[in-house]
Amino acid sequence: MVKRALSLEPPHSKRSRLEPSLSVLVASPEAAAAADACPPLGELLQMLENGLTEPPEKGDVVAYWMRMEDLRICDNRALAQASASAIKDHVPLIVFFVLSPEDYVAHDRSPRRIDFTLRNLSVLKDSLAKLNIPLHVSLHSQRRTLPSYVISFLQSVNAIRVFANIEYEVDELRRDINVCRLAKDNGILPSFVHDKLIVEPGLLSTKQGKPYTVYSPFQRQWLSTINSDTDNFLAEGASPKANPPSVKSCPVFQKLFASEVPSYVEGFQCPDGDKMAVVWPAGTDNAREMLRRFLHTKSRGTHLGIADPLDEAADISEKQSRAILYKENRDRADKDTTSRLSPYLAAGIISARECIRATLDLLGVKKVQANRDSGVGMWVQEIGWRDFYTHVLAAFPRVSMGRPFQEKYANVQWESNPEHFEAWRSGRTGVPIVDAAIRQANTMGWMHNRARMIAAMYLTKDLMIDWRLGERHFMQQFIDGDLASNNGGWQWSASTGTDPQPYFRVFNPYLQSEKADPSGDYIRSFVPELRKVFGPEIHNPPAKLADKLGYPRPLIDHKEARDRALRRYKNPGSK
DNA sequence: GCGCACTTGGC
DNA sequence: CCAAGTGCG
């Protein structure tokens, strides 16, 4: 992978003391505090409320601006509203998408995610064409001038209105604020709406009126809020209406229809794209089939050609579905126990609302069940975590600016050890469960959630390497990379995050291995050196055996490493 | 201000 | 079983 982010350092940031190869971007405390004091989401919403000073003039189209997190046609609020508005205004609807490689560099988007985006756009273009709606995909290289590029595109089609779903990352919000400002200046009415989450950011607060920073109380209010008005929070957005067939004879539309979805973006060529297309097929239909199978069947099977080593390890003797058994089995990385919908949720290929509605149908109930003693309830909680971490990001933008949520840990001393980091990144730490996890990510573009925690805890607490480097590596590998969830997970592992995980809770990777992979199938699937090792020694192979199999010895002793981590967290700044 | 909870973990 | 920490009701 090309080294990125080095030439694109924002002016407010300064490099950490780590060596160049281990450098991460960290905003100054002042810049971070300023962002927290005035979160850009508030500014965007304010701007939308103020409306146009003059009503928009008559134009030729209504436009829906599709972005990386809402790649679907059904149950899409901005698209539904755009369609309704087009009908009311008696003009046709167009959809456009702007590829922005500088943003992908700055946000460590993985080639797999970009490739997945393009594959989905291709499916969407065909589906929209059946409704006589063009999807225009173009590329703009400079992120700084993207807002004016969007406006000039809207002017070129003489749009009256532009609709989009809100993205809650800082840069995206600042971009959209600029788009709104320019749109209004040019007589185009912008509408940016909440769509990503079940409950929009800002709606929930503690009795003190502050945003939640702990999950359990958040979850309680999240659930009761949803259940107080399920018709609203779980409402399915209307599907867009077809344009009249006459648009096909209009030259502007012909041009839009004729534009093609590129097969790759320069700098983001996906070397294992063919494999990804099999493991993670594009399109809402495939996502829905995955959801259906998770809720109703015991195994993913090999439908749609989806195949990976763990399919064979799926225990098909179970009578109930994976969703029903999720509570008992979810931490098993050696079985097919999870929905694996994260890439589809991250890219909005299926809506979180649809997932929750499907649980209501499954249980035959009207209120959302999120109790921790049922499988379906636990799975709903995972969608709760997705909402929670995005709420945290929206309320405390500094977490995405390289700052720890807990500033008291800002000066924890990290090891600057390129060899250790490289060993972790390539899955050669000598701890089998960690290496299996990393290699799963590097081959599938995805990792079991428990494995994410184990790998993250090992990097931060055992190798004592800056969590931001791990955060970046995950984003660069994963097909499901979501800033809020990834950052939340890493800060949780590093004990710097919102949910107060005391720093002294350090995973023992060997005990974790026995719990997450009791059969050893997970390790054997992804660590070929250990493929012939059966029995408990697979979790911590004796040095002699490791040497014989060409498997690395552990980089460090867990107990010593644990003590070092406790020392450094106890007195941030100390060695 | 007190007590409960913690995707509690470790011993 | 205990707990080196702490948000929240």
Side-chain angles (χ1 to χ4, degrees), chain A residues 204-225 323 325-333 337-339 342 369-392 395-396 399 404-409 412 433 437 447-458 460-462 482 484-516 539-540 557-572 574:
Chain A
L204 305 180
S205 51
T206 66
K207 290 244 161 75
Q208 285 80 37
K210 290 190 288 190
Y212 281 100
T213 60
V214 177
Y215 180 67
S216 352
F218 168 88
Q219 189 272 132
R220 278 188 278 276
Q221 209 202 329
W222 178 77
L223 185 67
S224 65
T225 300
L325 294 166
Y326 187 70
K327 179 180 176 283
E328 291 76 25
N329 293 346
R330 66 200 206 105
D331 283 339
R332 291 288 295 271
T337 61
T338 66
S339 69
S342 54
Q369 316 277 307
N371 40 319
R372 300 166 42 76
D373 50 13
S374 90
V376 177
M378 287 301 284
W379 191 66
V380 167
Q381 292 235 8
E382 298 302 327
I383 294 171
W385 277 99
R386 178 177 180 269
D387 272 30
F388 175 63
Y389 279 139
T390 307
H391 281 231
V392 169
F396 307 100
V399 296
F405 180 78
Q406 314 264 11
E407 284 286 347
K408 66 177 174 187
Y409 293 132
V412 164
I433 190 72
M447 206 193 276
H448 186 283
N449 185 251
R450 193 80 207 168
R452 293 184 199 212
M453 293 189 204
I454 298 170
M457 191 73 87
Y458 190 78
T460 54
K461 302 281 175 68
D462 281 59
D482 172 84
S485 296
N486 190 47
N487 181 274
W490 274 97
Q491 296 225 35
W492 182 86
S493 292
S495 302
T496 66
T498 39
D499 224 27
Q501 271 315 297
Y503 63 84
F504 48 84
R505 301 240 202 282
V506 178
F507 279 0
N508 179 325
Y510 304 109
L511 297 179
Q512 289 292 322
S513 184
E514 286 168 20
K515 285 181 192 169
H539 300 294
N540 189 8
D557 176 77
H558 172 64
K559 197 174 170 356
E560 285 171 25
R562 181 174 186 274
D563 292 343
R564 175 178 67 183
L566 298 188
R567 254 190 342 265
R568 292 199 186 172
Y569 273 88
K570 194 168 186 175
N571 293 306
S574 73

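Quick note on labels: first sequence line is chain A, next is B, and so on, each numbered from 1.
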Note to self: Below 30° counts as parallel, above 60° as perpendicular, anything between as tilted: where do the rings of A:Tyr215 and A:Phe218 land?
What the structure shows: tilted

Next item on the list: Residues of residues 210-222 of chain A with any non-hydrogen atom less than 4.0 angstrom from an atom of DNA chain C: list those, numerically ordered, please.
Entry: A:Tyr212, A:Thr213, A:Val214, A:Pro217

Note to self: Just to be sure I understand the rule, does A:Lys408 reach a base, reach only the sugar-phosphate, or reach nothing, if contact means heavy atoms closer than 4.0 Å?
What the structure shows: sugar-phosphate

Next item on the list: In whole angstrom, give the distance that lies between atom CD of A:Gln406 and atom C1' of C:dT6.
Entry: 9 Å

Next item on the list: Check the distance between C:dA4's C1' and A:Arg568's CZ and give it to me in whole angstrom.
Entry: 19 Å

Next item on the list: Tell me the stems DNA chain B sits in, counting at least three consecutive Watson-Crick or G-U wobble pairs, each under 3.5 Å on both distances.
Entry: B:2-6 with C:5-9, B:8-10 with C:1-3

Next item on the list: To the nearest Å, give me how far apart CG (A:Asp499) and P (B:dT8) are.
Entry: 11 Å

Margin query: Before we go on, tell me: are the rings of A:Tyr409 and A:Tyr569 under 6.0 Å apart, centre to centre?
Written below: yes

Next item on the list: Scan side-chain atoms only and decide if A:Thr496 and A:Gln406 contain a donor-acceptor pair under the 3.5 Å cut-off.
Entry: no

Checklist line | Inter-nucleotide P distance (B:dA5, B:dG1), Å rounded | finding: 22 Å

Next item on the list: Assign A:Met378 to base, sugar-phosphate, or nothing according to its heavy-atom contacts below 4.0 angstrom with the strands shown.
Entry: nothing

Notebook entry, point to check: Separation of A:Ile454 atom CD1 from B:dT8 atom P, in whole Å?
Noted result: 13 Å

Atom pairs under 3.5 Å: protein N/O with N/O of nucleotides 9-11 of chain B:
unit_1 : atom_1 : unit_2   : atom_2 : d
B:dG9  : OP1    : A:Arg450 : NH2    : 3.4
B:dG9  : O3'    : A:Val506 : O      : 3.2
B:dG10 : OP1    : A:Val506 : O      : 2.1
B:dG10 : OP1    : A:Asn508 : N      : 2.3

